[in-house]
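Structure first, then comments.
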Amino acid sequence: YSVAIKNCALSETLDISECATALDIDNVGVGQYSAQDARSLQLTSNFAGGTVKNVWAQRAAIGTTDHASELVYCNGQSVQNLNTGIIGYARSSGIACNILTCQNITLDGVRVFNGNIPVVTSVGITLKNVDYNDRYVGKTSPTTAYYAITVGAGCDRITVDGVTFGMNNA
């Protein structure tokens with residue numbers, strides 16, 4: 001089987017796990033209709049590469065470790081123009097785009113809201129043209145600002161090439 005999702009909108013979550021072929025996802029919006037505790041975009045154990053582009057994946061509900069988008073145990077994906085984050089409130093422990101135990105992933109043109117991009121136990125990750133938005137409304141506190149990108153233990157060959165702050169420094 002294969003997965004191709006194009007030109008559509010989904011409620012709650014886009015969750016793709018253990019896909020045996022390259023992903024082909026383009027022009028997809030994921031919103032939240034009810035107060036479900038689910039990632040807007042969840043890619044898990046996808047090892048055949050592929051492209052994920054032009055995706056808007058926001059979640060409104062907040063809570064402990066309630067992430068908006070997450071790539072876990074993935075290999076070879078190219079993610080382009082991902083807009084993701086937590087609408088409800090900045091400063092929950094939720095993460096805008098979590099990258100965990102992945103290899104050879106490129107994110108180009110990712111925009112995160114109300115959360116950061118942590119990279120943990122991953123190899124060969126490239127983050128290009130990241131736009132970090134601390135919050136939708138208000139201003140960033142100078143004493144409690146988040147890091148835009150963090151790199152944790154067990155990582156190797158992590159490249160960050162271009163970061164802007166607040167709607168491309170607008």
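Heavy-atom basis, side chains included; hydrogens, waters and symmetry copies ignored. Note that the coordinates shown come from a computational prediction; the quantities given were computed from them, not determined experimentally.
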Close side-chain approach of Ile149 to Leu127, heavy-atom, < 4.5 Å = yes
Would Tyr73 and Leu43 satisfy side chain to side chain contact (heavy atoms under 4.5 Å, CB included), going step by step from the backbone distance to the final call?
-> CA-CA 8 Å; Tyr73 306 117; Leu43 303 177; over 6 Å; no
Cys97 and Leu107, any side-chain heavy atoms less than 4.5 Å apart | yes
Would you say the side chain of Asn114 lies within less than 4.5 Å of the side chain of Ile87, judging by non-hydrogen atoms?
-> no
Under the 4.5 Å side-chain heavy-atom rule for ILVMFWY, direct or indirect, which residues accompany Val123?
-> none
Smallest heavy-atom separation, Thr44 atom then Cys74 atom, equals N-SG, 4.1 Å
Minimum side-chain heavy-atom gap Asn46-Val3 below 4.5 Å = no
Would Glu70 and Leu41 count as a side chain to side chain contact (heavy atoms under 4.5 Å, CB included) if you check the C-alpha gap in whole Å, the side-chain angles of each, and the deciding distance to 0.1 Å?
-> CA-CA 6 Å; Glu70 188 166 52; Leu41 175 64; over 6 Å; no
With Asp156, which residues qualify under salt bridge (Lys or Arg N to Asp or Glu O under 4.0 Å), at least two apart?
-> none
Cluster link Val72 to Leu82, ILVMFWY, side chain under 4.5 Å = no
Answer yes or no: is there a side-chain heavy-atom contact under 4.5 Å between Phe113 and Asn83?
-> yes
Can you name the residues that form a side chain to side chain donor-acceptor pair (under 3.5 Å) with Thr121, not counting sequence neighbours?
-> none
Side-chain donor-acceptor pair under 3.5 Å between Asn27 and Asn54, yes or no?
-> no
Taking all non-hydrogen atoms of both residues into account, name the closest pair between Ala96 and Ala68 and its distance.
-> O-CB, 3.5 Å
Sequence neighbours excluded, which residues qualify as side chain to side chain donor-acceptor pair (under 3.5 Å) partners of Asp131?
-> Arg111, Asn133, Thr164
Decide yes or no for Gln32 and Gln58: does some side-chain heavy atom of the first lie under 4.5 Å from some side-chain heavy atom of the second?
-> no
Can you tell me how far CG of Asn116 sits from CD1 of Ile95, rounded to the nearest 0.5 angstrom?
-> 6.0 Å
Any link between Tyr132 and Ile158 through a network of hydrophobic side chains (Ile, Leu, Val, Met, Phe, Trp, Tyr) touching at under 4.5 Å?
-> yes
Between Ser122 (side chain) and Cys102 (backbone), is there a donor-acceptor pair under 3.5 Å?
-> yes
Please report the C-alpha distance between Ile117 and Ile99 in whole Å, then the side-chain angles of each, then the deciding distance to 0.1 Å, and finally whether the side chain to side chain contact (heavy atoms under 4.5 Å, CB included) criterion is met.
-> CA-CA 7 Å; Ile117 304 173; Ile99 302 170; 4.0 Å; yes
Return yes if a side-chain donor-acceptor contact under 3.5 Å exists between Asp15 and Gln42, otherwise no.
-> no
Between Gln77 and Asn75, is there a donor-acceptor pair closer than 3.5 Å when you use the side chain of the first and the backbone of the second?
-> yes
Here the pair of heavy atoms bringing Ala57 nearest to Thr84 is O-OG1, 2.8 Å
Going from CZ on Arg157 to CD on Gln103, what distance comes out if it is rounded to the nearest 0.5 angstrom?
-> 8.0 Å
Can you name the nearest heavy-atom pair linking Ala48 to Ala20, along with the distance?
-> CB-O, 3.7 Å
Report the distance from atom CG of Leu100 to atom CG of Leu71, rounding to the nearest 0.5 Å.
-> 10.0 Å
So, Ser2 and Thr21: side-chain donor and acceptor under 3.5 Å apart, yes or no?
-> no
Side chain to side chain donor-acceptor pair (under 3.5 Å) with Thr126: which residues, sequence neighbours excluded?
-> none
With Asp161, which residues qualify under side chain to side chain donor-acceptor pair (under 3.5 Å), at least two apart?
-> none
In one Ile/Leu/Val/Met/Phe/Trp/Tyr side-chain cluster, 4.5 Å: Ile5, Val55 | yes
Smallest separation among heavy atoms of Ala148 and Val163, with atom names | CB-CG1, 4.5 Å
Pairwise side-chain contact, Thr13 with Leu10, heavy-atom cut-off 4.5 Å (strictly under) = no
Under 4.5 Å between side-chain heavy atoms, hopping through other hydrophobics if needed: is there a path connecting Trp56 to Met167?
-> yes
Ile125 and Val151: same hydrophobic cluster, using ILVMFWY side-chain contacts below 4.5 Å?
-> yes
Is Val110 close to Val79 at the side-chain level, that is, under 4.5 Å between some pair of heavy atoms?
-> no
List the steps, then state whether side chain to side chain contact (heavy atoms under 4.5 Å, CB included) holds for Asp24 with Lys6.
-> CA-CA 8 Å; Asp24 184 9; Lys6 297 184 179 192; 3.2 Å; yes
